Protein chains: 2
Amino acid sequence: MATQRRVTPRKRPSQGRSKATVEAIVQATARVLLKDGYEACTTNRVAETAGVSIGSVYQYFPNKESLVVAVMEGHLGQMQEALARRLGELSDADLPTVVKSMVGGMLEMHRIQPRLHRVLLEQVPRIGALKRLHELNDQYEPLVAAWLEAHQEQLELPNPGAAAYVMIAAVEGVVSRVMLEKPGWVELGVLEPQLTRLILGYLAPHLVPITRRAPSPAPAAP
Amino acid sequence: MATQRRVTPRKRPSQGRSKATVEAIVQATARVLLKDGYEACTTNRVAETAGVSIGSVYQYFPNKESLVVAVMEGHLGQMQEALARRLGELSDADLPTVVKSMVGGMLEMHRIQPRLHRVLLEQVPRIGALKRLHELNDQYEPLVAAWLEAHQEQLELPNPGAAAYVMIAAVEGVVSRVMLEKPGWVELGVLEPQLTRLILGYLAPHLVPITRRAPSPAPAAP
DNA sequence: AAGAATAGCGAGTAAACCTTCACATTTTCG
DNA sequence: CGAAAATGTGAAGGTTTACTCGCTATTCTT
């Protein structure tokens, strides 16, 4: 199976100059990934794009993988931050509102560098892209779980332990697929109501508003 | 971006002998992928494992990618077949039963070579693994959509066009993540009721059975 | 200012691996 | 049978690419 390699920095930049270098390298990696894809993302090319010698790259990064990991770390960090902000605002409003807000947050999170996200998802292998992504989710799962438990009385929820997990996986599954296949949907606002309904129907079916038929001409499936 | 390469067979085997060769090559590819991962899956190693000369490999496969694609094609074909069988049996039973059966089918589908599936998902990059996977889904989405439209009256469903898509993406998202992270859950039967509830709550919230609190001690979240 | 530490350079190395090709063997079929 | 088509062989070519290392330049410290 895939061998584990070191991906932590080789040396920490201490002077301001070197910090800039490291930053330039990471950004260059992202740029190359975006423009040319993972295949063409060679160490030499990254160095060149960063306007830096290849030797400098290897002063701070032990290997090629660590470059991509750094990019991924940064990107996921941004996403996580965006979501945490939204989750922090989770008020004690009524459930439909809260759910809508959570779903909105997860959608918003995916507005951050969607093209980079795509490359990272689609092209980067074995580095553990998925693993890191899941770690990201694992970080906000407890938040959601805690919220659920606190409001357990208002919900009709067997097995609240699994609920947070299922919820997050479901939303994330739909969103990330839509981002890959039909990026337009997010902007069109098609997704939010659907996901809200999905989750609300899961957590508290009795709270789903009754709607007989679609009032608007439904946009047909692809 | 990633360049498109030919992945179709170079020559079609006509004699029985060569058919066996091709089969051996594809199977060897799968075996190597399983045992050593994508990284170590070199053409020479595949040839060796298949007990065949490297020249023979290139007689039928234009390049390395096409080998993996062949494996993927076979695997997804099996999965698709399994699911199609289940969907074909979609009776006109009541909605909860039908949903349960669909969910069960998708779970069952993932019992086919889960380890190979994992390698294909996690390690194989840029070949368009995800694309093919999505194509798989696209093939049964119409089936589900048709069923939904036929039974639209019984459902409370705004925008039935998007419903099939969301449904499938949600279930697939949860299942494939669980398969990667907590494979045990599938066998334990934790997942099926949750997913059934998720989908039923989405399609017809008023049909979700009312359950105040979990009767059994809920298996805590990870 | 000088020595030390940190940062930067880039040609060169060494290994990996895909793919080809000229040739050998087997099967088909008139 | 015997020619032609199909199949199989594997050593070697050629390219690509991650990474090293000896050296220089800059910045810090005292």
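Treat the numbers as computed from the prediction; the structure is a model and nothing was measured. Letters A, B, ... mirror the listed sequences (proteins, then strands); counts begin at 1.
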Legend entry - Any B/S53 side-chain nitrogen or oxygen under 4.0 Å from OP1 or OP2 of D/dG8: no

Inset, instruction - Identify which nucleotide among C/dC18, D/dT20, C/dA7 has an atom closest to any side-chain atom of B/K64, counting heavy atoms from C-beta outward. - result: C/dC18

Inset, instruction - Please state how far atom CZ in A/R45 lies from atom P in D/dT17, giving the value in whole angstrom units. - result: 10 Å

Legend entry - Side-chain donor/acceptor of B/R86 to backbone N/O of B/M102, under 3.5 Å: no

Inset, instruction - Would you kindly give the CD-to-P distance between A/E65 and D/dT17, to the nearest whole Å? - result: 16 Å

Tabulate atom names and distances for all N/O pairs under 3.5 angstrom spanning the protein and nucleotides 22-29 of chain D.
none

Inset, instruction - Send over the distance from A/F61 CZ to C/dG8 P, rounded to a whole Å. - result: 12 Å

Inset, instruction - Quick one: label A/S18 by what it contacts on the DNA or RNA (base, sugar-phosphate, nothing), any heavy atom closer than 4.0 Å. - result: sugar-phosphate

Inset, instruction - Answer yes or no on whether B/R197 is positioned over the face of B/Y202, meaning its NZ or CZ is under 6.0 Å from the six-membered ring centre and within 45° of the axis. - result: no

Legend entry - Length of the CD-P vector between B/E48 and D/dG8, whole Å: 18 Å

Inset, instruction - Decide whether A/Y38 and A/E122 meet the rule of one side-chain donor and one side-chain acceptor closer than 3.5 Å. - result: no

Inset, instruction - Nearest whole angstrom, please: distance from the C1' of D/dT17 to the CG of A/N63. - result: 14 Å

Legend entry - Among C/dG8, D/dT9, D/dC19, the nucleotide that comes nearest once only the side chain of A/I54 is considered: D/dC19

Legend entry - Worked check of salt bridge (charged side-chain N to carboxylate O under 4.0 Å, His left out) between A/E187 and A/R111: CA-CA 10 Å; A/E187 309 305 326; A/R111 281 199 228 272; 3.0 Å; yes

Legend entry - Between P of C/dG8 and CD1 of A/I25, the distance in whole Å: 8 Å

Inset, instruction - Dump the intermediate steps for side chain to side chain contact (heavy atoms under 4.5 Å, CB included) on B/L198 and B/Q194, then the final yes or no. - result: CA-CA 6 Å; B/L198 181 73; B/Q194 299 294 324; over 6 Å; no

Legend entry - Minimum-distance nucleotide (side-chain atoms of A/S56 versus C/dT19, D/dT20, C/dG8): C/dG8

Inset, instruction - Could you tell me whether A/T42 contacts a base, only the sugar-phosphate backbone, or nothing, with contacts defined as non-hydrogen atoms closer than 4.0 Å? - result: sugar-phosphate

Legend entry - Rounded interatomic separation in angstrom, taking CG from B/N44 and C1' from D/dA11: 11 Å

Legend entry - Side chain of B/V52 (C-beta onward), nearest among D/dC19, D/dT9, D/dA11: D/dT9

Legend entry - Of A/G55 and A/A40, the one whose closest DNA chain D nucleotide lies more 5': A/A40

Inset, instruction - Using only side-chain N and O atoms of B/Y58, determine if any of them is under 4.0 Å from OP1 or OP2 of C/dT20. - result: no

Legend entry - Phosphate-side-chain proximity, B/T43 and C/dC18, N/O vs OP1/OP2 below 4.0 Å: yes

Inset, instruction - Report yes if the side chains of B/M106 and B/L87 come closer than 4.5 Å at any heavy-atom pair, otherwise no. - result: no

Inset, instruction - Return the value, rounded to whole Å, for the distance between atom CD of A/Q59 and atom P of D/dC21. - result: 13 Å

Inset, instruction - Respond yes when some side-chain nitrogen or oxygen of B/T21 is under 4.0 Å from OP1 or OP2 of D/dG8, and no when none is. - result: yes

Legend entry - Check ion pair A/R31-A/D36 (N to O, under 4.0 angstrom): no

Legend entry - Ring centroid separation A/W147 to A/Y140 under 6.0 Å: no

Inset, instruction - Report yes if a side-chain nitrogen or oxygen of B/Y60 is closer than 4.0 Å to either non-bridging phosphate oxygen (OP1 or OP2) of D/dG8; otherwise report no. - result: yes

